[in-house]
Structure formats: C-alpha cells, structure tokens
There are 2 protein chains.
Amino acid sequence: MGESLLESTNSRLAPVEVEAIQLFVQFSRALGQPRSIAEIYGMLFVSHVPLSLDDLVERLQLSRGSASQGLKYLRELGAVRPVNRPDSRRVHYEAVAELRNLAGTFLHQQVERHLGDSAARLEKMGRHSQALTGAARRHALARVKLLQSWEKNGRQMLPYLLKMLGRK
Amino acid sequence: MGESLLESTNSRLAPVEVEAIQLFVQFSRALGQPRSIAEIYGMLFVSHVPLSLDDLVERLQLSRGSASQGLKYLRELGAVRPVNRPDSRRVHYEAVAELRNLAGTFLHQQVERHLGDSAARLEKMGRHSQALTGAARRHALARVKLLQSWEKNGRQMLPYLLKMLGRK
DNA sequence: TTTTTTGTTCATTTTTATTTGAATTAAAAG
DNA sequence: CTTTTAATTCAAATAAAAATGAACAAAAAA
C-alpha cells in the first residue's frame, strides 16, 4: 500500500500542493466524483507549469491507467487542457480555471445523464394511474401532477442556476 | 438474489408505484444517495395512505435494518413525517411533498458536511505558499486567491440559493 | 411481573465503484 | 522497416458503500 497524501513528510509534494489537492478531493466527495480525478485536477491547479501523464503518475503515486482515464475525463469535461511543448514528445496538461464553464458543463452533463428521460417516465406514470380507482387513483394523479410541476420548475431553474454560476 | 422492482410482473406493486419509485431512484443517483432510501421515499410518495416500517419491508422486499436506517435518514432530513394512527401501535409514515424545505435542508446538510472547513484549509494553503520562491510562489499565491474568491462566491450564493428553495 | 410486539444497532456479507497493470495500439525516432 | 517511447484499454484486483439479519432495547399488553 502506497504512502498517503496525508502524511506530513512527503518529499514529492510541497505542503501547498498537499493542501490544494486535499481541498479538491474534499470537494469531489461532495459531488460524488472519484478521488483520483480530484487529485489530478488539484495537482494541475497548483502547479505553475504543465505536467505530463508520467509527472502525475510519479508525484501522485497512481497507476498509468488511472492517470490516463482521469485525464480523459477531465479533458472531456473541459477542466484540463493539453499543452504541446516543443521540447517534449509527451503531452502536458494544465488546469482550466474558469469556474463558469467548468461548473456549467459539469451540471449539464450530470443532469442529462441522470434526469434525461424523466418526462417520459412521468407520462407513463400518468397512464398507469388511470388503471386505479377511488382514493388511490385520485392520489396517484395528484402526485403525477406535482412531479410534473417539480420537473418543470427544475428545468426552468437550471439555466438560471447556470447563469448564476457564470458570474465571474 | 431477490426479485427486482424492474420486473414487469410484480404483484406487490402497482405499475404506477413501480414507475414512481424508479423515478426517485433515478433522481437519487444524480444526488449520490443510496437506492433503498429513494425506494422508501418513492413508495411513500405514491401511497395514498401512510405506511409502517413493516409495510415497506414487505412491499419493497428490503431488510428491516435498511428500512429502519432509511426512515431515520428521511425523518432527519424532514422528507418523511411520522403519523400516529390510533388503530395501530406501529408508527406510520407519509412523504413530505414540499420541495422547498426538502431541497433546502438537503443542500444545507451536504454543504456543511463536505465543505465546512474549506476556509481554514485555504488559509493554511496561503501560509504554505509563503515558503515557496519565484514563479512557483507567485502562481501558488494567485491560485489561493482564486480559490478564496470561488469560496466567497459560493458562500454568497448559498443563502440566496437556499432562499430560492425556500429555506430561511 | 413476564411475554409479546415494535423498532434500532452494528458486525458481517454483498454489491458497486475505483484502481491497477499487463497487453495493446499509435506514432515518432533511428 | 525496426526499435523505442507514449498513451490507452480492459479484465482482474482492491477498496468503498450499502444491505442484511441476528442480537439487543424499549415499551405496551397480558
């Protein structure tokens, strides 16, 4: 088992770096994202110079597989940007620090992935409710209506929220 | 391995119920909450009559342990409310359907849990940055400043967001 | 009181998510 | 063309999260 980032004596990483990485790891837990991805972003965020995959592997002590997958994810999210350096064959990366794009893309991605077909499901629910009778039916129909209004509110609020996140 | 809620023939649950539960399960995944908790809330949400722990255990085919823990969580969140019925010793529950309180409490809880001490961490980061020199130092200090502005924006936005969602 | 019913806790098991690293592909250098 | 270096993929290993259920507690009924 490898040395933890938490250890107080870590010759690979400066104290600021450890703190910054920790901060992003903590934040990633709130968003339910894997630790390694947060570590990679945190490392690139504090580094004053772009880093290659191998740099990350060495400094964060993670596998090439993790580093590769993590960078792929962050690249697709737009949280990280490849930098070509004429002096090296390796692709180097730097963190994109514009909160607006980052948060917006992330939110959009999450919502699409998890809530894409909720409208269809609600419609289906409505049809099934018709099969019931009496109080159960009345209640089910009222619930579907309520959910539909929640869904509508959510969809209305989302662009507004995204805009709010975009304020510098 | 137990029968899944997804199965088309399910004599325990009506089709509307299956759909509603699925909707909440899907939603819970977006929020990173356990499936069983979403199932319980979904079940109570569609039910036109309050249900006891044992009702939930039977209809959702989950263990008493899960049901108990799930109800505890939902009770503390304020998503579910105990109903005393004079005809039964068992506590029955009904879903609280006010999105405002629910979302607000949830958000507040998550933020406190995950981001509580970020300010302290940033201060520490600032101190560590002083130990660096040259470009690394300048970059680290700029990053700390940026993070502090993110944190400030976040904290400023939170009460506003909570207010939008209806919590104090 | 003792018994029965209801509900909770928590160590263990099960399930799910993440990480690893060997095999593979890609592409530049020789 | 062959060798070397860089990067990715994916099946297997590992770690983390959630569910289970037996043991326990609390409180009403007998």
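On a predicted model such as this, the values are computed, not experimentally measured, just so you know. Chain naming here is simple, since letters A, B, ... match the order of the sequence lines and numbering starts at 1 in each.
Closest to the side chain of B/Val91, from the set C/dG7, C/dT19, D/dG21, is C/dG7. In the set C/dT9, D/dA7, C/dT20, the nucleotide with an atom closest to the side chain of A/Leu62 is C/dT20. You'll find that the side chain of A/Lys72 is closest to D/dT9, out of D/dC10, C/dG7, D/dT9. Here the side chain of B/Leu53 is nearest to one of C/dG21, D/dT20, C/dT8, namely C/dT8. Across D/dT9, D/dT8, C/dT9, the shortest atom-to-atom separation from the side chain of A/Gln69 is found for D/dT9.
The interatomic distance linking B/Arg35 (CZ) with C/dT14 (P) rounds to 19 Å, in whole Å. As a whole-Å value, the separation of B/Tyr73 OH from D/dA19 C1' is 17 Å.
Between A/Tyr41 and A/Phe24, the two ring planes are perpendicular [angle over 60°; tilted spans 30° to 60°].
A sub-4.0 Å separation between OP1 or OP2 of C/dT19 and a side-chain N or O of A/Ser36 is present. Dashed line: the shortest gap from a side-chain N or O of B/Arg90 to OP1 or OP2 of C/dT6 is under 4.0 Å. The side chain of A/Ser66 places an N or O atom within less than 4.0 Å of a non-bridging phosphate oxygen (OP1 or OP2) of C/dT20. The side chain of A/Arg75 contributes an N or O atom lying less than 4.0 Å from OP1 or OP2 of D/dT8. Taking side-chain N and O atoms only, B/Arg29 has a distance below 4.0 Å to OP1 or OP2 of C/dA17.
Side chains of A/His139 and A/Val144 form no contact here, defined as non-hydrogen atoms less than 4.5 Å apart.
Map A/Arg89 and A/Leu71 each onto its nearest nucleotide of DNA chain D; the residue landing nearer the 5' end is A/Arg89.
Here the straight-line distance linking atom CD of A/Gln26 with atom CZ of A/Arg35 works out to 10.5 Å at 0.5 Å rounding. Taking CG of A/Asp55 as the reference point, atom OH of A/Tyr93 lies at 12.0 Å (rounded to 0.5 Å).
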